[in-house]
Amino acid sequence: GSRVRHGGGGAGLASFPTLPVAPCVHLRPSIVGKPFWNSWEARKPLKLQEAKISYRAFGTAGSDDGPEVSYKYAVGPPPGSKKLALGRFELEGGVISEVNVVYETWGTLNRRRDNAILLHCGMSASSHARSTEENEAPGWWEKFIGPGLALDTNLFYVICVNNLGSCYGSTGPSSIDPFTGKPYGSRFPAFSVQDQVRVQFELIDHLGIDVLHASVGSSLGGMQSLCAASLFPDRMKNIVSISSCVSTAPSAIAFRQMQRECIMADPNWNHGDYYNSSPPVDGLRLARQAGTITYRSGPEWQTRFGRARTSNKLKIGENFEIERYIKHQGKKWAAQGAFDPNSLIWMSTAMDAFSLERPDENGVMSMYEGTKNIMHPTLIIGVQTDMLFPVWQQKEVADYIRKAGNNSVSYYELDSIFGHDTFLLDTVAIGGAVKGHLEQEPHGANHLYQEAAAGATVMVNTLINQDFSKESVMGMFYHLDTDHDGKVSIEELSALIFLIQLSRGQKIKLTDVVTECLACDRNKDGMLTKEEFLCIAYLDCK
């Protein structure tokens, strides 16, 4: 089963409990609790019935019934997302005259503006981490964001920013160069992970947020989370890094170089200038196949496919279900047009170049210099079956930060069978660890719980004490104005007035209250200002 190994904690974190984790797969008693690479019975696949999982839980090779990550996005900004124009921006490889950044938010920013979480996304993800009213499609971290979940929107204001270089709205190689009126293509400058983080903090500045509650990320997002803490140490309270690194390992560079070569070898790539012709779909398909090998794990495929054959006849090209599965993943991604090949090339290049090292006083590159600012409570999570960002790299992250003097580092190691994609699939182990880290003290969520309780107390006391003076009623309006713009929705105010009238013993229909509120809405925007609110006849407050 999937369990958590606790690698130690520091001040304020040592008491964090070992989490009880619902297993991803119920394994034989003979192999429970042992590392997969030492105990997995590689000579024959574990039968699905024996593993106590339904066939549908894993799905067939040519289907999406199994535990797969959804990339059902279309190139361009997701519906309902917001865009900020930053203007000229200097990148490591050159200058962009006009940088746009696309983002989405969930939850409410409190009055102190100190409950925001910056969620950094992976290379192929958009800003759509969670469904919204404007876009009901599930997001890439759908089951981790929401009321009571890992990123609890009852407490936190969650911000997810589409990466610089991506094709989901933020400026990238497929964006239009304002000087030429054509896509940048090969002329888009190289950039670093540090550049991506600087763009993100331009947005944080725009939102008026001085200090984040936390910086949270996985994979490329985990690199960005660590980088944010190094570059902007005074602007966050907590750090979460899942399956990332302090510097990219040669093995990961080799994997991603193979993906880039798949695209660049496609004649349609045309050195990156293919936007007015046929795109390098075959190259993208092969790159996705190569990537899938690094995103999942041998133990999962041993369980899911084993040596199951597609037919009894030996053929050239496809004999096993695992071959069919890999091909299906590449075809699906390429056919959907879900990602721009150039974005993969440019962003993977930034990932390969990543290191937290900085020059010391003698000009020598030093990891201590790059990690000495990371003094925040820090959670590091690794996965034993992750071949792209192996667990030794996660231990290395924790060790470097501790050596720099941070005594508040917790390290967790998961034995999930889903490899690198565990951070997208294991809501219990990953979600539980993240939620605990973000909400426990110090720098936790106690003050946010107290803030919510204070607002509820105002409401309850007003109703119980029958105090409907102007000051008391405006106090309730103030607590409902969570956006701090001097307006509250008619839906919320109608419910409040209805409760007031019921507490007064008045027989009234909610529809009548709504009608009265709508009549006072001068701008017809579904919101009432405090002046419009006080004009409602049903209130009758002095």
Side-chain angles (χ1 to χ4, degrees), residues 67-84 101-109 115-170 172 196-197 199-201 203-204 207 209 212-225 228 236 238-244 295 338-339 343 347 379 381 420-428 430-435 437-438:
E68 299 296 340
V69 178
S70 173
Y71 287 104
K72 297 178 181 178
Y73 306 131
V75 171
S81 60
K82 305 166 188 175
K83 183 172 75 172
L84 174 66
V101 58
V102 163
Y103 66 102
E104 295 181 49
T105 63
W106 301 264
T108 302
L109 187 63
N115 69 328
I117 292 176
L118 178 56
L119 175 61
H120 310 269
C121 59
M123 181 180 68
S124 55
S126 74
S127 61
H128 192 62
R130 162 84 188 193
S131 56
T132 61
E133 290 184 4
E134 298 85 358
N135 185 359
E136 296 181 354
W140 58 267
W141 238 31
E142 183 75 17
K143 296 181 180 179
F144 293 81
I145 305 170
L149 300 181
L151 306 189
D152 191 342
T153 51
N154 286 334
L155 300 172
F156 302 116
Y157 180 64
V158 182
I159 307 162
C160 185
V161 186
N162 181 228
N163 285 318
L164 171 74
S166 181
C167 53
Y168 297 129
S170 293
Q196 292 179 312
V197 171
V199 167
Q200 293 168 354
F201 272 81
L203 170 66
I204 298 304
L207 296 174
I209 299 169
L212 296 162
H213 180 80
S215 176
V216 177
S218 308
S219 191
L220 168 59
M223 295 175 171
Q224 292 174 352
S225 184
M236 62 201 65
N238 300 283
I239 303 298
V240 176
S241 173
I242 306 168
S243 296
S244 72
Y295 301 150
F339 203 63
S343 286
M347 286 204 287
L379 173 64
I381 299 178
H420 187 63
D421 274 356
T422 295
F423 77 88
L424 295 163
L425 299 169
D426 195 338
T427 57
V428 179
I430 299 288
V434 171
K435 184 176 179 65
H437 182 73
L438 296 178

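Note that these values count all heavy atoms, side chains included, but never hydrogens, waters or copies made by symmetry.
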For Asn115, which of Leu212, Leu109, Leu155 qualifies under side-chain contact (heavy atoms from CB on, under 4.5 Å)? Leu109
Step-by-step side-chain contact (heavy atoms from CB on, under 4.5 Å) determination, Met347 to Ser166: CA-CA 7 Å; Met347 286 204 287; Ser166 181; 4.1 Å; yes
Can you check whether Asn163 reaches Gln200 side chain to side chain, under 4.5 Å on heavy atoms? yes
Is it the case that the side chain of Glu142 and the backbone of Ser131 share a donor-acceptor pair, with hydrogens and angles ignored and the cut-off at 3.5 Å? yes
Any heavy-atom pair between the side chains of Met236 and Ile204 that's under 4.5 Å? no
Residue pair Val101 / Asn162: nearest heavy atoms and the distance that separates them: CG2-O, 4.2 Å
Closest non-hydrogen atom pair between Ile209 and Ala116, with its separation: CD1-CB, 3.6 Å
Ile381 and Phe423, any side-chain heavy atoms less than 4.5 Å apart: no
Plane angle bin for Phe144 and Trp141 - parallel if under 30°, tilted between 30 and 60°, otherwise perpendicular: parallel
d(Phe201 CZ, Gln224 CD) to nearest 0.5 Å is 10.5 Å
Could you walk me through whether Ser127 and Tyr168 satisfy the side-chain contact (heavy atoms from CB on, under 4.5 Å) test, starting with their C-alpha distance in whole Å, then the side-chain angles of each, then the deciding distance to 0.1 Å, before giving a yes or no? CA-CA 8 Å; Ser127 61; Tyr168 297 129; over 6 Å; no
So how far is it from Phe339 CZ to Cys167 SG, rounded to the nearest 0.5 Å? 4.5 Å
Note, Gln196 side chain near His120 side chain (heavy atom, < 4.5 Å): no
For a 4.5 angstrom cut-off between non-hydrogen side-chain atoms, does His213 reach Asn238? yes
Verdict with reasoning, Thr105 to Lys82, per side-chain contact (heavy atoms from CB on, under 4.5 Å): CA-CA 9 Å; Thr105 63; Lys82 305 166 188 175; 3.3 Å; yes
Identify the two heavy atoms, one from Leu438 and one from Ile117, that lie closest to each other, and give their separation to 0.1 Å. CD1-CD1, 3.8 Å
Do Ser225 and Ser215 pair up side chain to side chain, a donor and an acceptor below 3.5 Å, judged on atom types alone? yes
Nearest heavy-atom contact between Val102 and Pro77 is CG2-CB, 4.1 Å
Side-chain contact test, heavy atoms from C-beta onward, threshold under 4.5 Å: evaluate it for Ile145 versus Leu119 and give yes or no. yes
Show, in sequence, the C-alpha distance, side-chain angles and deciding distance for Leu149 and Arg130, and conclude whether the side-chain contact (heavy atoms from CB on, under 4.5 Å) test is met. CA-CA 12 Å; Leu149 300 181; Arg130 162 84 188 193; 4.0 Å; yes
How many angstroms lie between OG in Ser243 and CD1 in Ile430, if you round to the nearest 0.5 Å? 6.5 Å
Between Ser219 and His420, what is the shortest heavy-atom contact and its length? OG-NE2, 2.9 Å
Specify the closest pair of heavy atoms between Ala129 and Cys160, including all atoms of both residues, with the distance to one decimal. CB-SG, 4.1 Å
Can a donor-acceptor pair be found between the side chains of Glu104 and Asn135 at a distance below 3.5 Å? no
Taking Pro147's backbone N and O only, do any of them form a donor-acceptor pair with Asn154's side chain (distance below 3.5 Å, no angle check)? no
Atom CD of Glu136 with >12 non-hydrogen neighbours under 6.0 angstrom: no
Heavy-atom side-chain contact between Ile242 and Val434 under 4.5 Å: yes
Answer whether the closest heavy-atom distance between the side chains of Thr153 and Trp106 falls below 4.5 Å. yes
